[in-house]
Amino acid sequence: MIDDLFRSPQTRRMIFKLGDNALVLQNFLAEKQTQAMIKDIINIINIVPFRYMFTPSGHQMSVAMTSCGDFGWITDNKGYRYTRVDPLTNTSWPKIPSSFYRLACQAAEHVGFINFKPNACLINEYTETSKMSLHQDKDEKNLNAPIVSFSLGLPALFLWGGLNKSDKVVKVRLQHGDVVVWGGVDRLRFHSIASIASGSHSELGRKRINLTFRQVQRSF
Ligand code: MD6
Ligand code: FE
């Protein structure tokens with residue numbers, strides 16, 4: 001039943017603690033805001049399209065990615081890294097739209113990060129068969145800054161682990177409009193996307209889009 005998959009638009013904002021410096025902000029993004037974001041995402045992918053990149057070990061990812069901001073995240077046979085130019089289109093990554101930027105800073109403030117100045121926004125596109133294996137986000141030079149993650153479209157099963165890969169994980173269902181923020185002592189926690197719900201989202205169809213905002217390094 002598709003109707004069971006999604007919360008009603010007027011569902012309350014709820015906050016769940018994942019760690020001392022990590023929170024899930026359920027329904028943080030209002031419908032008007034997500035609609036504006038989706039328009040902005042369409043504009044971005046017209047400039048720097050989604051692509052399925054290869055990990056350094058040669059596996060093609062099942063999540064399509066692109067970026068906006070001063071830096072974009074890429075992976076190929078030379079490794080994981082941030083670049084100022086998209087190697088696919090040879091253009092600078094588009095600016096982070098102001099609609100995203102303000103909300104990312106507001107979300108970071110909820111966890112006490114009052115000076116968050118994201119200069120990279122990774123955009124992930126999932127289909128029903130996409131997964132993201134257990135990993136840490138550690139390619140950023142500035143590990144003092146948090147990561148802010150927005151979920152749009154189909155729900156996902158997010159696994160939140162510890163500082164060691166073998167630590168047990170908790171399961172979190174991330175839905176359209178939810179935001180996760182983590183930093184500080186939780187900045188290097190392992191996490192993954194185990195599965196995407198089947199069904200169709202009213203705005204994004206059979207897809208989930210995740211935006212993660214990062215402060216890679218000083219942008220000047
Ligand atoms: C996702 N997100 O939600 C995958 N990483 O699609 C991540 O891997 C992630 O959500 C760092 C911080 C927040 C995240
Ligand atoms: Fe991650």
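The figures here come from the full heavy-atom set of this structure, side chains too, leaving out hydrogens, waters and symmetry mates. Each ligand, and each atom within it, is numbered from 1 in the order the structure gives. Computed from a predicted structure; not experimentally measured. For the single chain, residues carry numbers from 1 onward in sequence order.
Scanning the protein for heavy atoms near atom 6 (O) of ligand 1, the closest one is Tyr126 OH, 2.4 Å. Closest to atom 2 (N) of ligand 1 among all protein heavy atoms lies Asn210 OD1, 3.7 Å. Nearest non-hydrogen protein atom to atom 10 (O) of ligand 1 is Ser149 OG, 2.8 Å. Among all protein heavy atoms, the one lying closest to atom 13 (C) of ligand 1 is Trp182 CH2, 3.0 Å.
Within a 6.0 Å radius of CZ in Arg206, other residues, nucleotides and ligands contribute 12 heavy atoms or fewer.
A salt bridge between Arg51 and Glu125 is absent, with no side-chain N of the basic residue lying under 4.0 Å from a carboxylate O of the acidic one. The residues Arg189 and Asp167 are annotated as not salt-bridged, no charged nitrogen and carboxylate oxygen being separated by less than 4.0 angstrom. A salt bridge does not link Lys17 to Asp186: none of the charged nitrogens lies less than 4.0 Å from a carboxylate oxygen. A salt bridge is defined here as a Lys NZ or Arg NE, NH1 or NH2 lying under 4.0 Å from an Asp or Glu carboxylate O, and Asp70 with Arg84 fails to meet this definition.
Note on the Fe ion (ligand 2): protein N/O/S atoms under 2.8 Å are His135 NE2, Asp137 OD1, His191 NE2.
Checking only distances, Thr212 never comes within under 3.5 Å of ligand 1, N or O to N or O. Where the criterion is an N or O separation shorter than 3.5 Å, residue side chain and backbone included, Asp137 meets it with respect to ligand 1.
Using a 4.5 Å heavy-atom threshold, the side chains of Pro118 and Tyr101 count as touching.
Taking Ile, Leu, Val, Met, Phe, Trp and Tyr as hydrophobic and joining them when side-chain heavy atoms fall under 4.5 Å apart, one finds Leu143 in a cluster with Leu163, Leu188.
Under the 3.5 Å distance criterion, the side-chain polar atoms of Asp178 are matched with a main-chain donor or acceptor of Gln175. The main-chain N or O of Lys171 is never found under 3.5 Å from a side-chain atom of Arg173 such that the two would form a donor-acceptor pair.
Every atom of ligand 1 with a heavy atom of His191 under 4.0 Å away is listed here by number and element: 5 (N), 7 (C), 8 (O), 9 (C), 11 (C). Residue contact check: Met132 has heavy atoms under 4.0 Å from atoms 8 (O) of ligand 1. Within the listing of ligand 1, atoms 8 (O) sit less than 4.0 angstrom from a heavy atom of His135.
In this structure, Phe150 has its ring center under 6.0 Å from that of Phe213.
Closest to atom 3 (O) of ligand 1 by heavy atom, among Arg208, Arg189, Glu140, Lys131, is Arg208.
Using a 30° and 60° split on the angle between ring planes, Phe71 and Tyr82 fall in the perpendicular class, above 60°.
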